[in-house]
Amino acid sequence: MRRPRNWSRALLLIWMGLVFVFLFLPILVVIIYSFNGGRNLYVWTEFSTRWYWVAVHNPRVVNALIVSLQAATISCAIAVCLGVPAGIALARRKGMWSPPFMVLLFIILGTPELVSAIGQMIWLDRIGLYDGLLRLAVGHSLFNLAVVILIVRARAEGLGEALEDAAADLGAVPWRAFMQITLPLMLPAVLASVLLSFILSFDDVIISLFVQRPGTSTLPIQILSSFKPGLKGDVAAIVVITLGVTLAGMLVAALMLRRSDKRGKFLGGALN
Amino acid sequence: MRIRIPRFSMAIPAMAWWAAFFIAPLGAIIYFSFGIKPSDPGAGVVDLTSLSFSNYIAATSEVYLTVFQITMRTAGLGTLACALVGFPVAYVLARHITTRWQPILLFLLVLPFWISFLLRTFAWRIILAPEGVLSHALQDIGLLSGPLSMLDTNSAVQLGIIYNYLPLMVLPMFVALDKIDPALIRGSMDLGAGPVRTFLSITLPLALPGILGGMVLTFILASGDYVVPAILGGAKGLMIGNLVATQILAAQNLPMGSAMAVILILMICGIVLSMLMLLMAFRWLLRTIAGPAVDARALSVAVAAETRERT
């Protein structure tokens, strides 16, 4: 095999480097400006950590953070409870039903969030679901469910059925084989999908904006509403704090996935 | 003894959930789009006594059509830019990076997704500010004569869209490129095709589904975007998402907003379909330019046969 010429390789690597700089520049800016002591987030005045102190003492920000965490937890639970069996079924119980099901799944992934959000708002009002937290959780769960199903299906297909067949040969009834073999094998996929759907829900703007009720604003909605009167350092500080927590979570997930999966399968596997 | 249960029984809860909270709401949007906003505010959000196309007629008036047009152009250009900027990155990740670094770089690529999308977009306001560092730097080196005036225009929205959807475009392209068997490339080279021809007749056709998937995904998301234009676009950079949101959240005109949402979906469907057709044409063009001599499938058979002989 001829080695690719070095200059083209170097050019490509430089290009990739530039793209990564482009992707990370705004994140760096947020981190740096969260230490901006000025009254206005955009105008740098002096280094200070005062906005961190302000942020954790602002009841509205803290409340929004709590709402975000609660909504993410519930929507995550819904998505995982419904998505794991469906994902396994897609890999193990294929049939006439699977192609239309996949079409529905891709329609859900492909529908603009805005359209889905409007539909949610109309529908949840219609059926009389007025609990702010539940509305957020239900709204976020639809897209997350699709993501969970894709991840679990990719894992179940990657593993093959040999172990379950062996369990059946050794006399395990299907239920027992499912509980003792299939589910534990799915654990990494379940963890990955828990993380992903939690974060998708945590970061969601559009669905939250439409389905929210007074008093249950999520953190992104809080940030968005403080945009008009002028953004202050406290939102940047709270985002940097959540970033730290997220990174820690991602690290744990990455380590777990590395143990259990081959390279590049984290999101790549789900997109196959 | 096995009890016969339907094969899809484990998927029933998911289906029921989607039916109740996705399909039903979609139906509600379509239904509502034919109603009118009641003149009496106490009468609820929508009057469905006489269904008509009046919202659709209003939503296709010139003012709105212009915004629809701008939206499609911004999303289309953004998608194209993401593909052009992202393809080399996906290519490097799949080809020129060792397996040791690959997962780390992939992790870095998706990392921005895990940081508040809103704040990342706000950060561009700091970067692009007329009195900001970038503006001063560009003026100092003489690239700009006055302060940077990109904020609150369509070009800032364009930049924000490229920024937000770039990783989403790279991932499917990477998956497609990564799946290509290196033996095919080697085989093509062995058979005498140069790097350019190998790229055009092996790599690109095999990666096309991934490129296409990424473009469709990016386009759909970008054309329904609300946040980026709301933050970076100001009054001059509006997209259709902002108009829909205004209709519903500010003007309380649910039927009108619903009709606009339906039009948005129809437009996206139309454009995605024509994109598909365009790419089919592109594939055909590639085949004619590169010639049928190096057919990827025939090649893979040849490579497989050769490996078998060797072992």
- prompt: Checking side-chain contact (heavy atoms from CB on, under 4.5 Å) for the pair A/V235/B/F122: CA distance, chi angles, key distance, verdict?
  reply: CA-CA 11 Å; A/V235 285; B/F122 280 126; over 6 Å; no
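The parts of A/L224 that come within reach of chain B are both its backbone and its side chain, each placing non-hydrogen atoms under 4.5 angstrom from that chain. With a 4.5 angstrom heavy-atom cutoff, A/F202 does not touch chain B via any of its atoms. Both the backbone and the side chain of A/A146 come within less than 4.5 Å of a heavy atom in chain B. With a 4.5 Å cut-off on non-hydrogen atoms, A/I127 touches chain B through its side chain but not through its backbone. Within the 4.5 angstrom heavy-atom criterion, atoms from both the backbone and the side chain of B/I126 approach chain A. Only the side chain of A/V19 has a heavy atom closer than 4.5 Å to any heavy atom of chain B. Only the side chain of A/I206 comes within contact range of chain B, judged by heavy atoms closer than 4.5 Å.
The line from CD1 of A/I118 to CE of B/M260 is 9.0 Å long, rounded to the nearest 0.5 Å. Here B/F21 contributes atom CZ and A/I78 contributes atom CD1; the two are 8.0 Å apart, rounded to the nearest 0.5 Å.
The aromatic rings of A/F22 and B/Y163 sit perpendicular, their planes meeting at an angle over 60°, well past the 30° parallel limit.
A donor-acceptor pair under 3.5 Å is absent between the side-chain atoms of A/W15 and the main chain of B/V89, judged by distance alone. Between the side chain of A/W97 and the backbone N or O of B/S9, no donor-acceptor pair lies under 3.5 Å.
With respect to chain B, the highest number of heavy-atom pairs below 4.5 Å among A/L114, A/I223, A/I122 belongs to A/I122. Note: A/L142 leads A/V30, A/L219, A/L124, A/L142 in heavy-atom pairs under 4.5 Å with chain B. Taking B/V262, B/L249, B/V170 one by one and counting their heavy-atom pairs under 4.5 Å with chain A, the maximum is reached by B/L249.
Between B/P25 and the choices A/R126, A/Q120, A/M121, the side-chain contact (heavy atoms from CB on, under 4.5 Å) rule is met once, by A/Q120.
Minimum heavy-atom separation, B/H96 to A/R9: O-NH1, 3.5 Å. The two residues B/A123 and A/P26 come nearest to each other via the heavy atoms CB-O, 3.3 Å.
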